[in-house]
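In listed order, ligands and their atoms are each counted from 1. The basis for the numbers below is simple: all heavy atoms, side chains too, and nothing from hydrogens, waters or symmetry mates.
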Amino acid sequence: MIDVRRHNAAFCRDHFLHHCEEQVRRAIDSHDMLRDGDRVLVAVSGGKDSLALWEILGRLGYQADGLYLGLGIGDYSDESGRYARAYAADHGRTLVEVDLAGEYGYDIPRAAHATHRSPCGACGLSKRHLFNRAALEGGYNVVATGHNLDDEAAVLLGNVLRWDAAYLGRQYPVLPASAGFARKVKPLVRLGEREMAAYCVLRGIDYQVEECPMADGNRHLGFKEVLNALEDRSPGTKAAFLFGFLEHGHDHFAAAADVERDTLAPCSVCGSPTTGDVCAFCRLGERVAVELSRKAE
Ligand code: Q46
Ligand code: ZN
């Protein structure tokens, strides 16, 4: 059915499905991501990675509910929400929903416009904040996201090109819980994008195939292209880059992330941990509100 060049292997349907589930099990075990009794909230976008993750966690016997964030990115968001809801309904799973516009008065296109930031900047910080908040408020102690090997290698390349020590210190498949933060885990780090798409197709999971229309300014797409070109010439490069860093490089940067964590204090508006007085999410909301009221005058 499918070859995976970095493993120098070709799989039939059943062995491929087993391979994917086994890679997730190994990622969870080797990084001690999940334990008995954990309440897991899976960040579900309606795309292949998050739906495959939700499916595999269920098959591995973990209790995991989904969280869908309505980002308000036009038809793309409407359709993504439909895939997430359909999966939950068909599989009898609980999907928690948070709607950015309904609950905070703005969506991602408006936030990007009002703040003159790239949509992905506003979107990324909103997602991180709202996933964590929804987990804590819902009594979940773990947030699981569908970041795969390609995503993580691309983020690593970006962080290395800037030698961003604090980001490198935080780039790890599991971030332990700390004051105001649920544990964060990335159980798909051992699986590539193409494997996740194939997994969904073979399991009959319908997912949002369209890319987000606001992804144009997303730097990670460029990093992915570069890594794909390298991978094409020399299969296994991406995995060697990421896993080499996790094994040999990450520890050297962990102290930089610790220093940053030690400076965190509750946001004066929402109480989430932040390095400033008001957290980035609340500042974003304030700027959008000011801009929208200015326009209304
Ligand atoms: S949803 Fe948001 Fe992504 Fe769209 S605006 Fe960018 S970050 S590309 S994963
Ligand atoms: Zn805040």
Check: atom 6 (Fe) of ligand 1: which protein heavy atom is closest, and how many Å away?
Finding: C120 SG, 2.3 Å
Note to self: Check whether Y167 forms a cation-pi arrangement with R162 (NZ or CZ under 6.0 Å from the six-membered ring centre, at most 45° off the ring normal).
What the structure shows: no
Item checked: Side-chain donor-acceptor pair present, S80, S77, cut-off under 3.5 Å -> no
Next item on the list: Examine the side chains of Y199 and E21 and answer whether a donor and an acceptor come within less than 3.5 Å of each other.
Entry: yes
Item checked: Centroid separation H31 to Y172 less than 6.0 Å -> yes
Next item on the list: Mind listing the protein N/O/S atoms less than 2.8 Å away from the Zn ion (ligand 2)? Waters don't count.
Entry: C267 SG, C270 SG, C279 SG, C282 SG
Next item on the list: Answer with yes or no after comparing the ring centroid distance for F281 and Y104 against a 6.0 Å cut-off, counting only values under it.
Entry: yes
Notebook entry, point to check: With a 4.0 Å cut-off, would you call D78 and R82 a salt bridge?
Noted result: no
Check: Which ligand 1 atoms, with their elements, are less than 4.0 angstrom from a heavy-atom of C123?
Finding: 1 (S), 2 (Fe), 5 (S), 7 (S)
Notebook entry, point to check: What residue and atom, counting heavy atoms only, is the protein's closest point to atom 4 (Fe) of ligand 1, and at what distance?
Noted result: C212 SG, 2.3 Å
Checklist line | Per-atom contacts, ligand 1 versus A215 - under 4.0 Å to a heavy atom | finding: 8 (S)
Checklist line | Salt-bridge present (E291, R287; N to O < 4.0 Å) | finding: no
Check: Testing V4, L53, V24, D49 for side-chain contact (heavy atoms from CB on, under 4.5 Å) with L191, which one passes?
Finding: V24
Next item on the list: Could you tell me whether ligand 1 has any atom less than 4.0 Å away from a heavy atom of K127?
Entry: yes
